[in-house]
Number of protein chains: 2
Amino acid sequence: MSNVSDTKFESRIGIFESECRKNSLALTVQRRAIYDALSCRKDHPTADQVYEDIKSKLKGVSRTTVYRVLDTLVTIGVAKRISIPDPKARFDGDMQRHHHLTCMKCGTVFDLHDESLNNLQAPLGNDNGFEIMDYSITFTGLCSACRSTIKYPAK
Amino acid sequence: MSNVSDTKFESRIGIFESECRKNSLALTVQRRAIYDALSCRKDHPTADQVYEDIKSKLKGVSRTTVYRVLDTLVTIGVAKRISIPDPKARFDGDMQRHHHLTCMKCGTVFDLHDESLNNLQAPLGNDNGFEIMDYSITFTGLCSACRSTIKYPAK
DNA sequence: ACACGCTTGACAATTTGTACCATCTGCAAT
DNA sequence: ATTGCAGATGGTACAAATTGTCAAGCGTGT
């Protein structure tokens, strides 16, 4: 029950709603729709991708709202901004600790769930008073598709 | 001799120049200036911050050139794009493996050099054929300045 | 059902990143 | 040292991404 990511759709919505109430945020249709759209996806959409997703279902949504709500979701802790070398903000509805493989050629991001990476000894007291609350590892390299097409330059 | 990050300015420039030659790239004043500006900084500037840095010294530089050269530096392996949850591209002239502490409140990024984190067992064969070449850990939390001002909401 | 205040939508403004092309410059061959 | 060419730059224009503003709308507690 404490593991958000394993829960089914109904529970996820329940968690979202209770987090909203806890923070006295109104349960608007927009927030619901945006949270749904994000948490249903397995990939790591940009704000605009989420916007594209929902604008058919929710006619008249504003792009501004999508940006704003995604930000809210991150703030109340039901979504994350992910860390990859990409000039666009990307969001992740999977709150379970996990990591990412990012292809340096095509930019695709793959999830990596690996228990052995989830209990790193965070170096406390290292940087004058920084309080670490979470972490995520970004592996960079080449996905199989790009590996098979790349020609390494002869040195 | 194999450790780029510990070297002094003159060596860094030397490494930069030899990498350029190796890739048959012309040693232009712009490339030098941009590499200098980046590798002298301890933080993780955006492209525009680098541009602001050098446009006083190098009158007439184009913003386009800064974007272009930063990209080149990453390609030839003398700089990195860093992975933090930020919608702007950020660059790092420190090529030694290290990690980052990012404050979720103010967004400041601190370097974290910690040997014990530099030899993670990268889970091979995990994701159908992805070839891991490097990794970096992003710790998220609160810096000391923000910790002292934040009021935790009463639950 | 009512009123208050949080949210949204629409548009504008900014910021960030890319495309294009004429001009310039590093560099190697003379 | 001079020259010629390929690659690099500057600058404008453009596209994409994100943020600011504010009147109007909707969710919530009463």
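Worth saying up front: this structure is predicted, and the values here are computed from it rather than measured. Labels below follow one simple rule: chain letters A, B, ... track the order of the sequence lines, proteins then strands, and each chain is numbered from 1.
For DNA chain D, the contact window with chain A, defined by any atom under 4.0 Å from a protein heavy atom, covers D/dA17 to D/dT28 in 5' to 3' order.
Checked by atom type and distance alone, the side chain of B/Asp71 never pairs as donor or acceptor with a backbone atom of B/Tyr67 at under 3.5 Å. Listed for the A/Asp86 side chain is a donor-acceptor partner under 3.5 Å among the backbone atoms of A/Lys88. No donor-acceptor pair under 3.5 Å is formed between the side chain of B/Arg81 and the backbone N or O of B/Ala89.
Taking the centre and axis of the six-membered ring of B/Tyr135, the NZ or CZ atom of B/Arg97 falls inside the cone set by 45° and 6.0 Å.
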task: Classify every nucleotide of nucleotides 11-21 of chain C by which part a protein heavy atom approaches to under 4.0 Å, writing B for the base, S for the sugar-phosphate alone and - for neither, in 5'-to-3' order.
output: B----SBBBB-
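Looking only at atom types and distance, the side chain of A/Asp114 has no donor-acceptor partner in the side chain of A/His98 under 3.5 Å away. Remark: the A/Ser144 side chain and the A/Arg147 side chain contain no N/O donor-acceptor pair separated by less than 3.5 Å. Neither side chain, B/Asn118 nor B/His113, offers a donor N or O lying under 3.5 Å from an acceptor on the other.
Residues B/Gly60 and B/Leu25 each lie close to DNA chain D; by heavy-atom proximity, the contact nearer the 5' end of the strand is made by B/Leu25.
To the nearest angstrom, C1' of C/dC6 lies 13 Å from CG of A/Leu27. In this structure, A/Lys59 atom NZ and C/dA10 atom P are separated by 10 Å, rounded to whole Å.
For the pairing with A/Arg41, the salt bridge (Lys or Arg N to Asp or Glu O under 4.0 Å) check across A/Asp36, A/Asp111, A/Asp94, A/Asp53 returns one residue only, A/Asp53.
Between B/Thr28 and C/dT25 there is no side-chain N or O to OP1 or OP2 distance below 4.0 Å.
Counting non-hydrogen atoms under 4.0 angstrom, B/Val69 reaches the backbone sugars and phosphates but no base.
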